[in-house]
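One structure is given below, encoded as structure tokens.
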Amino acid sequence: MHDKYTPRDIEQKHYDRWRHLGCFAPAGEGPAYCIMIPPPNVTGTLHMGHAFQDTIMDALTRYHRMRGHKTLWQYGTDHAGIATQMVVERQLNAQGKTRHDLGRDAFEKAVWEWKAQSGGAISSQLAALGGSVDWETERFTMDAELSSAVTRVFVDLYREGLIYRGKRLVNWDPVLLTALSDLEVLSEEENGHLWQFAYPLSDGSGEMVVATTRPETMLGDTAVAVNPDDERYQHLIGKTIDLPLTNRAIPVIADDYVDPEFGTGCVKITPAHDFNDYDIGQRHNLPVINILNPDATLNEAVPSDFQGLDRYDARKKVVADFDALGLLRGIDDHRLMVPRGDRSQAVVEPYLTDQWYVKIEPLAKPAIAAVKNGDIRFVPENWSKTYYEWMHNIQDWCISRQLWWGHRIPAWYDGDGNIFVGNDEADVRAHYALADDITLERDNDVLDTWFSSGLWPFSTLGWPEQTERLATFYPTSVLVTGFDIIFFWVARMIMLGLKFAGDVPFREVYIHGLIRDQDGQKMSKSKGNVLDPLDLINGIDLDGLLEKRLTGLMQPHLAPKIEAATRKQFPDGIPEFGCDALRFTFATLATTGRDIRFELGRIEGNRNFCNKLWNAARFVRLSTSDAVAATPTPSTADRWIRSRLNATTADVHRHFEQYRLDLAAQALYDFVWHAYCDWYLELAKATLNDEAGSDGARAAAQQTLVDVLDAVLRLLHPLMPFITEEIWLSYGPQANDDTATLMTAAFPDSEAANDDPAAEADIEWLQSFTLGVRQIRGEMDISPGKPVPVILGNTANDDRDRLKRLGRLLSRVARIESIDEIADQDLSMAATAFVGELKLLVPLAGLIDIDAERARLARQRDKSAADLAKVQGKLANDKFVANAPADVVSKERERLDSLEKAVADLDEQIARLG
RNA sequence: GGGCGAUUAGCUCAGGGGUAGAGCGCCACGUUGACAUCGUGGAGGUCGGUGGUUCGAAACCACCAUCGCCCACCA
């Protein structure tokens, strides 16, 4: 061990060694424990959210591995259809090419090449984070085995009637030129207008005024609807209007959907370009006139002077034409929800196309039941409500995408458009008994990425083969993920897992919060507030950080603002904190809330904690290098720290089982810093350096120092794998064992035999005594090194007994010169402190600042008096005495006693000071 | 419109029917042989508001306020 804690010297070497030793593969003899990594985008990099999530998964994995479970953290990546295709297309665009220049096969090849080139980034980042995934069984959603699982599921669902192809309105992205599922469309309120158009009645008897936010769609109107009960329009139902700008007459129909209160109570109906209108059209057998091309320009179904116009240009022209015709009745500002594609940000069009759908209700029912009956448990529990909310309103899932990158749909068409679904063309021909001379053409579309992600928990384990891995690890133990993909991913895994793997995909779903910046803002490139986990581990100078944040900005005009904010927040860049500090920080942030603010102060504090542990370990090494050869005789302090350790161990187990890594981290931080370092190390020093002490006591202290350190390292290892391994390998038998590693050492269990309430009470007494002396010392400006005499008042037999047993230790720790019970001097010149009722007096004739001491005592007195008043009030209340539990009442009585004495003692002491 | 969550010390957050907590920050003191990435002491809160349940509420319930998130077809 070096004198100084420098994370970069100790981290990566251990990771390489673990890999070399094969520690990441499932090995334990115990029950299986498995976590599936939510597969990151293969061409992406890990951001803070990933690092946070990976830390949680790794901590859980390491915890169970150390407990001897047969533990698998399944790693792999996702092909991420649209996202990846966009990245590669952007690269092509930069070279002045499009994917169409390459053609489908060459484009796919280019994506595979990009994957090979960039796919390693995530792996090395995960390694830098200490992630103990099983590298040997890494999977990719487009691997041959996983792809054949996808095909198998598609074919089975199709043959069971749960997948169908249909012409319907879908969410169409006119930039990416593909259909999207409902989930991939994000609607936001934007400023727009509400136009009022007059539609003349065909019989010349007047006009109907309709309101619309989308004027251009009137070219596809096939009806005007009113509410059947709306008396204003009763007489018009069944008549027709002459649709301006077109040569069409369209009917006036009645439908409950229309709200008579809104606008004029007349609604234009465009079945081809609005989901509601489509439904109304179906109900009334209206024609469906599609007026758009796939890129949202107007097609040949509209008058020639509109053909080829972009939808927004067409909008302007429609409005202008209405105005020219004298049919424009008004333009109002209007807030409306605008649907945009989550990837392209393009305004999505409802568009009539042939797509593939999963009939979802038969799959959703058992998936709802699985959560309801407890087969799957959400943690925290309330997320199950979100899950139910969506599952009860779930719509059929559009799974086809007009992309080139992804799993191609296993459907073939003959010349007549008949559909044949099968594992491959040969399977199709066999299954449908098709003659050899029939030519088949394969569907061009690929599947939604989430279709393959939904199979992840079993496809990675070998399904549909009944492999040993599948039998061992399915259902997996827990899914660790963010609430943002409960619908996208969690729900679909549950549905598909139940359907195809015959059981739930995981027993528990641990939903964690989303990492935000110190101001609660989402971290994003365009906001310029992104932190790279690796920069927190390794540190980065200001220039490097600026370069990262400012290059490749989509909106370069934001650069000056981002630069200024970055310079202000990180004037000296980011210092090196190390992986362990980052992980420990993530653990402390893993609370039950939904948003998590990441502040540099937290990680700095935890880096200091690493340093503390490091130095404590150095101290242990130094003080145990010369082993005292004697039979250990454990002291009260030894028994105390073991008892505290035992309680901490139990806490850590409980917190891990309940996914409260924040509490586990806090319990360990508190024990290591405030019990072990602050107190036990000081007590041990007193014992080891006490020339009058026994060898047995020294041997016991040495033993305890090492034993507790050893346990602490094990307990901390799941959260801080590197520093614990480094320290652990530096002493004891494992130091000389080339194959030893803390990774597979046993995680401590708490044992009732180690509980020692008597020792805890003794040391608590010693601590209060010491605290009292320190308070006096601190307030009276007495130098910490100067031993002080202490005179006792109100001494009880317990105190005398403890003084006899612990007095020597106490004197050394608290630097007390002498302890006397008899006051044979003038105590008015003394500072006072209380240990319960025991009164400590430090005579300080000539040294004491009377005013300061009086003020200090008065503060204490006031506080005690206030507490006393409360307790008196309680005990004076008959109902309290009658109804409160007996132990609460007696506790209050005891408190009353001691507070009364404390106030009296303080009054007396204040009086004595004059 | 429906659903969910938050409101506790200057900041970031734990906690939870019976004495209000941590980290960071702040003030004072300190070169005590593990650690100044430290030590010792200290200041700082009527736990968003109102009402209810209870012997007792910061905690449980209702309502309100403020903030945030998710879902939803009002032209």
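All chains are named by letter (A, B, ...) in the order of the sequence lines, taking the proteins before the strands, and each is independently numbered beginning at 1. What's counted below: heavy atoms across the whole structure, side chains too, no hydrogens, waters or symmetry copies.
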Inset, instruction - Would you indicate what A:Glu682 reaches in the nucleic acid, counting non-hydrogen atoms under 4.0 angstrom: base, sugar-phosphate, or nothing? - result: base

Legend entry - Sugar-phosphate, base or nothing in reach of A:Lys522, heavy atoms under 4.0 Å: nothing

Inset, instruction - Using a cut-off of strictly less than 4.0 Å between a heavy atom of the residue and any atom of RNA chain B, enumerate the qualifying residues of residues 599-608 of chain A by number. - result: A:Glu599, A:Arg602, A:Arg607, A:Asn608

Inset, instruction - Indicate whether OP1 or OP2 belonging to B:G39 is found under 4.0 Å from a side-chain N or O atom of A:Lys612. - result: yes

Inset, instruction - Using a 4.0 Å heavy-atom cut-off across all strands, classify A:Arg774 as base, sugar-phosphate, or nothing. - result: sugar-phosphate

Inset, instruction - Rounded to whole angstrom, note down the P distance from B:G68 over to B:A62. - result: 24 Å

Legend entry - Nearest-nucleotide pick for A:Lys870, side chain only, options being B:C69, B:G39, B:A20: B:A20

Inset, instruction - Would you indicate, yes or no, if B:U12 has its OP1 or OP2 atom less than 4.0 angstrom from a side-chain nitrogen or oxygen of A:Arg597? - result: yes

Inset, instruction - Mind checking A:Trp195 for me? I need base, sugar-phosphate or nothing, with any heavy atom below 4.0 Å counting as a touch. - result: nothing

Inset, instruction - Using the P atoms only, state how far B:C24 lies from B:A20, rounded to an integer number of Å. - result: 24 Å

Inset, instruction - Under 3.5 Å for both distances, Watson-Crick or G-U wobble, that's the pair rule; now give the dot-bracket for RNA chain B, with | marking pairs to another strand and [ ] for crossing ones. - result: (((((((..((((....[..)))).(((((.......))))).....(((((..]....))))))))))))....

Legend entry - From A:Gln569, A:Glu599, A:Arg602, residue fulfilling side-chain hydrogen bond (donor to acceptor under 3.5 Å, both in side chains) relative to A:Gln518: A:Gln569

Legend entry - Minimal non-hydrogen separation, A:Trp397 against A:Ser181, with atom names: CD1-CB, 4.2 Å

Inset, instruction - Nearest whole angstrom, please: distance from the C1' of B:C69 to the CD1 of A:Ile515. - result: 16 Å

Inset, instruction - Provide, to the nearest angstrom, the distance between the CD atom belonging to A:Glu216 and the P atom belonging to B:A75. - result: 14 Å

Legend entry - Any residue meeting salt bridge (charged side-chain N to carboxylate O under 4.0 Å, His left out) with A:Arg340, in chain and number order, not counting sequence neighbours: A:Glu190

Inset, instruction - Identify whether the distance between the nearest side-chain nitrogen and carboxylate oxygen of A:Arg895 and A:Glu900 falls below 4.0 Å. - result: no

Inset, instruction - Please state whether the phosphate of B:G15, meaning OP1 or OP2, lies under 4.0 angstrom from any side-chain nitrogen or oxygen of A:His655. - result: no

Inset, instruction - Record whether the side chain of A:Arg895 comes under 3.5 Å of the base of B:U19 through a donor-acceptor pair of N or O atoms. - result: yes

Legend entry - Euclidean distance, atom CG of residue A:Leu622 to atom P of B:C35 [Å, nearest integer]: 9 Å

Inset, instruction - Quick one: label A:His392 by what it contacts on the DNA or RNA (base, sugar-phosphate, nothing), any heavy atom closer than 4.0 Å. - result: nothing

Inset, instruction - Considering only atom P, compute the distance from B:G16 to B:G42 and round it to an integer number of Å. - result: 27 Å

Inset, instruction - For A:Asn393 and for A:His334, find the nucleotide of RNA chain B with the closest heavy atom, then tell me which residue's nucleotide is more 5'. - result: A:Asn393

Legend entry - Distance below 4.0 Å between A:Arg660 side-chain N/O and B:G15 OP1 or OP2: yes

Legend entry - Side-chain donor/acceptor contact of A:Lys385 with base of B:C4 under 3.5 Å: no

Inset, instruction - Taking only the side-chain heavy atoms of A:Cys677 (C-beta and beyond), determine which of B:A34, B:C4, B:A75 contains the nearest atom. - result: B:A34

Legend entry - Whole-Å distance separating the CG atom of A:Leu875 from the P atom of B:U19: 13 Å

Inset, instruction - Give a yes or no on whether a salt bridge exists between A:Asp651 and A:Arg654, defined as a side-chain N under 4.0 angstrom from a carboxylate O. - result: yes

Legend entry - Whole-Å distance separating the CG atom of A:Asp519 from the C1' atom of B:U12: 12 Å

Legend entry - Integer-rounded Å distance: B:G39 P and A:Asn615 CG: 10 Å

Legend entry - Closest nucleotide among B:C55, B:C74, B:G3 to the A:Phe262 side chain: B:C74

Inset, instruction - Please determine if A:Asp867 and A:Lys863 form a salt bridge, counting it only when a charged side-chain N lies under 4.0 Å from a carboxylate O. - result: yes

Inset, instruction - Could you work out which one of B:C73, B:G41, B:G39 sits closest to the side chain of A:Asn276? - result: B:C73

Inset, instruction - Indicate, with a heavy-atom threshold strictly under 4.0 Å, whether A:Asp867 touches base, sugar-phosphate, or nothing. - result: nothing

Inset, instruction - May I ask you to check whether A:Phe378 and A:Trp383 place their ring centres under 6.0 Å from each other? - result: no

Inset, instruction - In whole angstrom, give me the gap between the P atoms of B:A59 and B:G15. - result: 15 Å

Inset, instruction - Within residues 881-890 of chain A, find the residues that approach RNA chain B with a heavy atom at under 4.0 Å, and present them sorted by residue number. - result: A:Asn883, A:Ala884, A:Pro885, A:Val888

Inset, instruction - Sequence neighbours left out, what passes ring pair (Phe, Tyr, Trp, His ring centres under 6.0 Å) with A:His512? Give chain and number order. - result: A:Phe52

Inset, instruction - Assign A:Tyr257 to base, sugar-phosphate, or nothing according to its heavy-atom contacts below 4.0 angstrom with the strands shown. - result: base

Legend entry - N/O (side chain, A:Gln775) to phosphate O (OP1/OP2, B:G42) under 4.0 Å: yes

Legend entry - Distance test, side-chain N/O of A:Arg777 to OP1/OP2 of B:U40, below 4.0 Å: no

Inset, instruction - Could you tell me whether the side chain of A:Lys863 has a donor or acceptor atom within less than 3.5 Å of a complementary atom in the base of B:U19? - result: no

Legend entry - Test item: A:Asp230 side-chain N/O and A:Val226 main-chain N/O as donor-acceptor pair under 3.5 Å: no

Inset, instruction - Please round to the nearest 0.5 Å and tell me the distance separating atom CD1 of A:Ile596 and atom CZ of A:Arg516. - result: 10.0 Å

Legend entry - salt_bridge(A:Glu682, A:Lys685) N-O dist < 4.0 Å: yes

Inset, instruction - Please report the closest heavy-atom contact between A:Val881 and A:Val889, naming both atoms and the distance. - result: O-CG2, 4.1 Å

Legend entry - Ion pair check, A:Arg597 and A:Asp517, cut-off under 4.0 Å: no

Inset, instruction - Using the test side-chain contact (heavy atoms from CB on, under 4.5 Å), find all partners of A:Asn276 that sit at least two apart in sequence or belong to another chain. - result: A:Tyr257, A:Asp274

Inset, instruction - Find the distance A:Leu336:CG to B:C73:P and express it as a whole number of Å. - result: 14 Å

Legend entry - Whichever of A:Gln666 and A:Leu681 has its nearest RNA chain B nucleotide further upstream toward 5': A:Gln666

Legend entry - Non-hydrogen atoms of A:Thr217 and A:Thr270 that approach each other most closely: O-CG2, 3.3 Å

Legend entry - A:Ile723 and its side chain to side chain contact (heavy atoms under 4.5 Å, CB included) partner, picked from A:Asn611, A:Ile10, A:Leu713: A:Ile10

Legend entry - Short side-chain N/O contact from A:Trp383 to OP1 or OP2 of B:G3, under 4.0 Å: no

Inset, instruction - Measure from the side-chain heavy atoms of A:Tyr669 and tell me the nearest of B:U37, B:A75, B:G23. - result: B:G23

Legend entry - Per A:Asp662 side chain, nearest of listed nucleotides B:G18, B:U32, B:A14: B:A14

Inset, instruction - Please check the phosphate of B:C13 (OP1 and OP2 only) for any side-chain N or O of A:Thr591 closer than 4.0 Å. - result: no

Inset, instruction - Give A:Leu663 one of three labels, base, sugar-phosphate or nothing, depending on what nucleic acid heavy atoms sit under 4.0 Å from its own. - result: sugar-phosphate

Inset, instruction - For A:Asn689 and B:G33, give me the distance from atom CG to atom C1', rounded to whole Å. - result: 10 Å

